[in-house]
Amino acid sequence: MPEKPTLDGLEDRWARVWEDEGTYAFDRSATREQVFSVDTPPPTVSGSLHVGHVFSYTHTDIVARFQRMRGKKVFYPMGWDDNGLPTERRVQNFYGVRCEPSLPYDPDFTPPEKPGKQQIPVSRKNFVELCETLTAEDEKAFEALWRRNGLSVDWSHGYQTIDARARAISQRAFLHNVERGQAYVSMAPTLWDVTFRTAVAQAELEDREHTGAWHRIAYHRGEPGDGGPNGASDDVFIETTRPELIPACVALIAHPDDERYQPLFGTTVRSPLFDVEVPVLAHPAAEMERGAGIAMCCTFGDLTDVAWWRELDLPNRTIINRDGRLLRDTPDWITSEAGRQRWEELAGATVHTAKERIVAMLQETGELVGDVRPVTRPVKFYEKGDKPLEIVSSRQWYIRNGGREAAGDHAGVRDEMLARGRELAWHPEYMRHRYEDWVRGLNGDWLVSRQRFFGVPVPVWYPLDGDGEVIPDKPLTPDDAALPVDPTTDVPPGYTAEQRDVPGGFTGDPDVLDTWATSSLTPQIAGLWSVDDDLFARVFPMDLRPQGHDIIRTWLFSTVLRSHLEHDSLPWAHAALSGWILDPDRKKMSKSKGNVVTPMGLLEEFGSDAVRYWAAGGRPGVDTAFDRGQMKVGRRLAMKLLNASKFILGVGVGDTQRSGAGPVDGDTQRSGAGPVDGDTQRSGAGPVDAGGEPDLSAVSAPLDRALLARLTEVVEKATAALDDYDYAVALEVTEQFFWFFCDDYLELVKSRAYGEFDEAGRDSARATLAAALRVLQRLFAPVLPFVAEEVWSWWQEGSVHLASWPDIHELATSAEADPQVLTVASDVIGGIRRAKSEQKLSIRTEVESLSVQAAPAALEALREALADVRAAGRVRDVELVVSSDGELVTTVGGPTA
RNA sequence: GGGCGCGUAGCUCAGCGGAAGAGCAACGGCCUUACAAGCCGUCGGUCGCAGGUUCGAAUCCUGCCGCGCCCA
């Protein structure tokens, strides 16, 4: 025990010891019942860490540490999500390169010291190598931070979502889905981001307010003309915000009940400018009050168009390319001479330019009627993009998730997913609604293919027919042993490399899987499904998935789905949803302001325990303000634990404990882990209490018994809270007790513990202090692992993190406790302090006379602790008066300075 | 527009049917043989608003208002 205890340096010292001793190593001989397994969120390795990471990962660590102390073998791996668009973009910016798949691999390529203004094109393989180089650097920094933060992760169970093992598992699970018909390829209208040039899934959408304008436009009845107006009285007016889609129009649609348009149903009209004949149709999705009440259905302006196109069996007249520009060639459905000439002016234009030109043409022909009226309306965006999504037709892979089942379809995947949601234990419980809303609101299957370069390749090839055309519905799949594969370089079974991309040969699927298609398998990847099935059986289904509430619709949902499809089970029993971190002024931290706080800086300034303390104060699921004040409080608490431990041990409690304790092996029995000897204990096999339990037979003072009784309640509450994943309540009750213990109980028993009274009283106090300290150090261990380990090491053998969680039986005394002894003594000492403070006297000042009025029972209780109260308050004479109203009143008389 | 959550002391938040709480801040003290980066004490609130249920409502119900998130 150091002379002057300090928090400085504890992190480095104990982190090294834990690493050397393998304190958190997973014991893979444990059976599933003995294991507590965590599906740790793999952080996205595409930049720097955020205080939010520290916040939520600390919550999980507290739970893991608690379960470990309860005797569970904790499977707590760490993964890195280095697969996907964020990494791809970061590599582009960091090295100043871009992926150009047509280039050959350059084994000698080295990126420039500083990225230039022009991005250097590199081959796909070079690009992927740079991704791996950069993420490896980031991952080192992440691991250093997590160790400093005190996460009790077993670092030997790491993974990367882009590593070969994860790729193989991801591809294997996908191929299983294909075999079972749960995954399929389909040519369909797809939401498309023109900037990233990739398809986008429903889960990645967000609505944003976008400014547009209503254009009132004339469609014509009667005979075909030259594209200009004829017989204006016969015109049908529609209102649209997207006049550039007139060439893609396939029908006009109104509500079947709309009397204005009923006469037109079944007839045709001709489009302005292009003179293309389209039918007028009825569909209930047309909104009578919106615009003119009749809508232009184009392929494809929005998802309603897709629904109409599908349900009314309309032709596909797509005019927008995947680059966001209009087709170069004139579409064959535009036949009029004027129409074809007008297309010439539009060919290859961006959507934006095309709109301007078409509006100008409409003004010229007089087919644009009235004023253009600005409007702001929600438009779908890719969450990472900044241009509105287009809808293009493309061939994509989908996994069935129930989203295509009609609302009334029962016993389908949708219902099964809803049942899984009810089966899962949610913390907090109300987060379940987010999941249910999402499942109910699904409107299509999960689109899993992405037109990107860096990711897990879609592991299939397609045969080519005699003309070199792809035969999409007969994909070629690899042998399981060959996984992972890259179809752009590997060859399918039964083919040779020379047959690539030649008629009668094959072609590789160029796409990669959505990152969620891999992330949705983190329990399988971490648990080594299909790689080490013995391990997998010991950890799966897992116990806990901790994650943010913002990704319930993506990560949580997709993980439940994949597990349901592959294993017919939930992936875990519990889901714990953590809240967000907010700036002190409840706003987002802004990098431009430079007020972003780096986690490592905080850990260094306040100490890791203090930062963890702040994190532990955030209730499960509740958004929490970033609060340096709470970190200061946490640091003070850690200091207090140091000082209180030093004081108690300095009084001599260790002697009492060792002399009286005798051999105790209750804890190792409780852990139930099988044969335990010294060596396996040291290597982390189970809870160890080498110091043994204090002997409570010496506890004779009523005040001491009351203290232990109150601590028993604390243990019960903290344990129940942690069992329910509520680390915040556990900390709160522990902390509250601890301050009371220091401020009142320690002050009360100081003199007696020093041995200023009789020997029995002294031994009683020392035994109580030892028992209480031993419990408190362990109660704090999950939240404050460094300082708890430090103070534990002063007098106990082994790691506090492998000690058994406090049990109420440790605190049982032979005689019944009267809690009032403690409360009355505490109240009276408080009264004395108040009197001294009001008279601005030193706390050491002697009190000549003390008068206590109280109910008879309270006075009786006070008598039991009177010697302690008098010593603590420096009271000479005491008078106890039975009070008529039962209220406790302390009167301090004649203190002499 | 729908779902969910939240409006309690200057700030951050507990409490969620039985006398309004904690910490921080503010203010006033105390060198007290564990801790002055400490300790003691004091001040501070129509529990968002309006109804209702109840012997009793911050707590349950209804409706508003405001904030946030998720989804249309």
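Convention: sequence-line order gives letters A, B, ...; per-chain numbering from 1.
Between A:Tyr745 and A:Phe741, the two ring planes are parallel [angle under 30°; tilted spans 30° to 60°].
Within the 4.0 Å cut-off from OP1 or OP2 of B:rG41, not a single side-chain nitrogen or oxygen of A:Lys840 is found. Note on A:Arg833: a side-chain N or O is less than 4.0 Å away from OP1 or OP2 of B:rG41. A:Arg834 has a side-chain polar atom (N or O) that falls below the 4.0 Å cut-off from OP1 or OP2 of B:rU42. Using a 4.0 Å cut-off, no side-chain N or O of A:Tyr430 falls inside it from OP1 or OP2 of B:rC69.
In summary, of the residues considered (A:Lys836, A:Arg876, A:Arg874), a salt bridge (Lys or Arg N to Asp or Glu O under 4.0 Å) with A:Glu846 occurs for A:Arg876 alone.
With A:Trp739 as the aromatic partner, A:Arg636 meets the cation-pi criteria of under 6.0 angstrom to the ring centre and within 45 degrees of the ring axis. A cation-pi arrangement is present between A:Arg710 and A:Phe740, with the terminal nitrogen or guanidinium carbon under 6.0 Å from the aromatic centre and inside a 45° cone about the axis.
Straight-line distance from the NZ atom of A:Lys4 to the C1' atom of B:rG38: 10 Å, rounded to whole Å. The distance between atom CD of A:Glu287 and atom P of B:rG1, rounded to the nearest whole Å, is 14 Å. Atom CH2 in A:Trp580 sits roughly 11 Å away from atom C1' in B:rC70 (whole-Å rounding). Spacing between atom CG of A:Asp302 and atom C1' of B:rA72 amounts to 13 Å, rounded to whole angstrom units. Per the geometry, CG belonging to A:Asp8 stands 18 Å off P belonging to B:rC35, to the nearest Å. Atom CZ of A:Arg874 and atom P of B:rC30 are 17 Å apart (whole Å). Summarising the geometry, the separation between CG on A:Leu773 and C1' on B:rA34 is reported as 12 Å, rounded to the nearest angstrom. If you measure from atom CG of A:Leu841 to atom C1' of B:rC39, you get 16 Å, rounded to the nearest angstrom.
Note on A:Glu732: only backbone sugar-phosphate atoms sit closer than 4.0 angstrom, heavy atoms only; bases stay farther off. Residue contacts for A:Tyr613: at a heavy-atom cut-off of 4.0 Å it reaches no nucleic acid atom on any strand shown. Backbone-only engagement by A:Arg636 is indicated by non-hydrogen atom pairs under 4.0 Å involving sugar-phosphate atoms exclusively. At a threshold of 4.0 angstrom between heavy atoms, the contacts of A:Lys380 with the nucleic acid are absent. In this structure, A:Leu746 reaches the bases: a heavy-atom distance under 4.0 Å links it to at least one base atom across the strands shown. Heavy atoms of A:Asp743 sit under 4.0 angstrom from primed sugar atoms or phosphate atoms, though from no base atom. In this structure, A:Trp739 reaches the sugar-phosphate backbone alone: every heavy-atom distance under 4.0 Å involves primed, P, OP1 or OP2 atoms, never a base.
No more than 12 heavy atoms of other residues, nucleotides or ligands shown are found within 6.0 angstrom of CH2 on A:Trp580.
B:rA36 sits 39 Å from B:rU46 when the P atoms are compared, rounded to a whole Å. For the P atoms, the distance from B:rA19 to B:rC11 is 27 Å, rounded to whole Å.
The side-chain heavy atoms of A:Asp302 and A:Val379, taken from C-beta on, include no pair separated by under 4.5 Å.
In terms of the salt bridge (charged side-chain N to carboxylate O under 4.0 Å, His left out) criterion, A:Asp743 has no residue partners (sequence neighbours excluded).
The base of B:rG28 sits with one of its N or O atoms less than 3.5 Å from a complementary donor or acceptor on the side chain of A:Ser837.
Counting only Watson-Crick and G-U wobble pairs whose two key distances fall under 3.5 Å, RNA chain B forms stems of three or more stacked pairs at B:1-7 with B:65-71, B:10-13 with B:21-24, B:26-30 with B:38-42, B:48-52 with B:60-64.
Within the 6.0 Å centre-distance limit, the rings of A:Trp614 and A:Phe626 are counted as a close aromatic pair.
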